Amino acid sequence: MNGKVCIVTGGNTGIGKETARGLAQAGAKVVLACRDTGRGEAARDDIARSTGRKDVEVIALDLGSKASIRAFGERFRAAHERLDVLVNNAGVWRSARGTTEDGIEATFGVNHVGTWLLTQDLLPLLKKSAPSRVVVLSSKLHYRGRMDWEDLQFERRKYGTTAAYSQSKLANVLFTKALARRLEGTGVTVNAVHPGVVRTDLMRDYPKLLTKLFNLFLLTAEQGAECSLHVATAPELAGVTGEYFEKSRIKPAAAEALDEAAQERLWALTEALAA
């Protein structure tokens, strides 16, 4: 990865931080895209100490804000002439319905719409830097996800935490498949990954006792980063695109994720929400 430039969203904690550490250890220049830049700077210093890399960078990014996403892109392009790997790692699991700065239901808005918009904003640079890679963190829960096309944002139905998260993770795979088709012949690959059930800050707004008990049965962040790092760096995956990975192996995605009409319907809806 020497000479390559990588972005990891949510790179200040959990899987994102360990993914960033692994990329830096492999020789890449890594940009931590973080909503909380104070925590991002602490993560940068920790990664620099453990890897000996002094060029880890922090840039503010809030995936719940279109303005923040566009400002991030402008700042990144002003400082970097290339982008070799974009790891769309950041996500939320909300215990109650909320909305983003732009009024979009938060789980769907951050996990899918924000990720879609950031990737679109950075695509010209990814194409210029090809061969390059996009990694989208989804989840095994996408198999349980259902796209409620009449109420994607839980405006009429009762909000369910798992239902909202699973729908957003299905949206991640639908997005991956649709984008891979659009990027054919460009040298940019895009793949979705399930990191495993990992001990992270994803459920940060849940009661602390509940999360502590839950965490006893989970993988470490280092273990969770393994699949992302494999898909982002493995030489044998050059040219592999539009796939879903678990435990660093390709696995068939949910049947609904393979529906090209659903992929295109979601793309059109997202394009309108992100405008």
Side-chain angles (χ1 to χ4, degrees), residues 1 3-9 19 23 28 33 63 69-70 73 76-77 80-90 111-139 142-143 145 147 149 168-195 227-275:
M1 298 297 289
K4 295 187 182 296
V5 179
C6 307
I7 293 172
V8 181
T9 66
T19 301
L23 291 168
L63 286 173
I69 291 168
R70 294 186 174 108
F76 181 85
R77 285 187 292 270
H80 303 280
E81 295 183 352
R82 64 181 302 110
L83 175 59
D84 300 277
V85 177
L86 169 61
V87 182
N88 286 311
N89 166 85
N111 294 0
H112 170 63
V113 179
T115 292
W116 184 97
L117 181 57
L118 177 68
T119 305
Q120 290 297 111
D121 191 66
L122 295 171
L123 268 183
L125 197 53
L126 284 160
K127 291 176 180 177
K128 177 184 173 184
S129 309
S132 53
R133 304 185 188 191
V134 178
V135 181
V136 181
L137 259 72
S138 179
S139 168
H142 90 275
Y143 290 106
M147 304 304 298
W149 299 110
S168 74
K169 295 293 103 177
L170 174 57
N172 289 155
V173 185
L174 288 163
F175 163 58
T176 297
K177 300 283 186 183
L179 181 59
R181 192 164 54 250
R182 285 165 168 78
L183 292 176
E184 287 179 6
T186 66
V188 184
T189 62
V190 53
N191 292 289
V193 305
H194 168 57
C227 190
S228 295
L229 285 168
H230 176 71
V231 175
T233 66
E236 64 269 25
L237 296 182
V240 174
T241 192
E243 301 290 356
Y244 169 74
F245 285 78
E246 285 188 20
K247 297 180 179 179
S248 299
R249 295 183 178 87
I250 294 173
K251 183 176 179 180
E256 189 169 354
L258 305 178
D259 183 342
E260 190 170 318
Q263 295 164 18
E264 293 305 312
R265 185 174 187 179
L266 179 63
W267 190 280
L269 288 168
T270 307
E271 202 165 32
L273 286 170

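A quick note: this is a predicted structure, and the numbers were derived from the prediction, not measured. One is the number of the first residue; the rest follow in order along the sequence.
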Item to check | Sidechain-backbone polar pair: Arg82 side chain, Leu125 backbone, donor-acceptor under 3.5 Å | outcome: no
Next on the checklist: Does Glu81 have more than 12 heavy atoms from other residues, nucleotides or ligands lying within 6.0 Å of its CD?
Outcome noted: no
Next on the checklist: Using a 3.5 Å distance criterion without hydrogens, assess whether the side chain of Asp121 forms a donor-acceptor pair with backbone atoms of Arg70.
Outcome noted: no
Item to check | Verdict with supporting geometry, Leu123 and Leu179, side chain to side chain contact (heavy atoms under 4.5 Å, CB included) | outcome: CA-CA 10 Å; Leu123 268 183; Leu179 181 59; 3.9 Å; yes
Checklist entry - Side-chain donor-acceptor pair under 3.5 Å between Thr270 and His112, yes or no? => result yes
Checklist outcome for this item: Rounded to the nearest 0.5 Å, the CG atom of Leu229 sits from the CE atom of Met1 at a distance of 9.0 Å
Checklist entry - How about Val188 and Val134: do any of their side-chain heavy atoms sit closer than 4.5 Å? => result yes
Item to check | Test item: Gln263 side-chain N/O and Ala257 main-chain N/O as donor-acceptor pair under 3.5 Å | outcome: yes
Checklist entry - With a cut-off of under 6.0 Å to the ring centre and 45° to the axis, is Arg181 in cation-pi contact with Trp267? => result no
Item to check | Working for side chain to side chain contact (heavy atoms under 4.5 Å, CB included), residues Leu23 and Val8 | outcome: CA-CA 9 Å; Leu23 291 168; Val8 181; 3.8 Å; yes
Next on the checklist: Nearest 0.5 Å, please: how far is CD1 in Ile69 from CG in Leu122?
Outcome noted: 10.0 Å
Next on the checklist: To the nearest 0.5 Å, what is the distance between OG1 on Thr233 and CZ on Arg133?
Outcome noted: 7.0 Å
Next on the checklist: Using only atom types and a distance under 3.5 Å, with no angle test, would you say the side chain of Thr176 pairs donor to acceptor with the backbone of Asn191?
Outcome noted: no
Checklist entry - When you check the gap from the basic side-chain N to the acidic O, do Glu264 and Arg182 get nearer than 4.0 Å? => result yes
Item to check | Test item: Leu137 and Asn111 side chains (from C-beta on) under 4.5 Å apart, heavy atoms | outcome: no
Checklist entry - Under 3.5 Å, is there a donor-acceptor pair between the Asn172 and Ser138 side chains? => result no
Item to check | side chain to side chain contact (heavy atoms under 4.5 Å, CB included) between Leu183 and Thr189, worked out | outcome: CA-CA 7 Å; Leu183 292 176; Thr189 62; over 6 Å; no
Next on the checklist: Tell me whether Ser129 contacts the main-chain N or O of Leu126 through its side chain, where contact means a donor paired with an acceptor under 3.5 Å.
Outcome noted: no
Checklist entry - How about Asn88 and Thr119: does a side-chain donor come under 3.5 Å of a side-chain acceptor? => result yes
Checklist entry - Is a side-chain donor or acceptor of Thr9 paired with a backbone partner of Ala33 at a separation under 3.5 angstrom? => result no
Checklist entry - Could you state the interatomic distance from CG (Leu266) to CH2 (Trp149), rounded to the nearest 0.5 Å? => result 5.0 Å
Item to check | Euclidean distance, Leu174 CG relative to Ser168 OG, rounded to 0.5 Å | outcome: 11.5 Å
Checklist entry - Got Val136 and Val173 here, is their nearest side-chain heavy-atom distance under 4.5 Å? => result no
Next on the checklist: Using the rule given for side chain to side chain contact (heavy atoms under 4.5 Å, CB included), can you reason through Phe76 versus Ile7, listing the C-alpha separation, both sets of side-chain angles and the distance that settles it, and then say yes or no?
Outcome noted: CA-CA 9 Å; Phe76 181 85; Ile7 293 172; 3.7 Å; yes
Item to check | Contact check, side chains of Glu236 and His230, non-hydrogen atoms, under 4.5 Å | outcome: yes
Checklist entry - When rounded to the nearest 0.5 angstrom, what distance separates NE2 in His194 from SG in Cys227? => result 8.5 Å
Item to check | Flag side-chain contact, heavy atom, 4.5 Å: Glu271 against Trp116 | outcome: yes
Checklist entry - For the side chain of Lys251 and the backbone of Phe245, is there at least one donor-acceptor N/O pair under 3.5 Å apart? => result no
Next on the checklist: Tell me whether His142 contacts the main-chain N or O of Ser139 through its side chain, where contact means a donor paired with an acceptor under 3.5 Å.
Outcome noted: yes
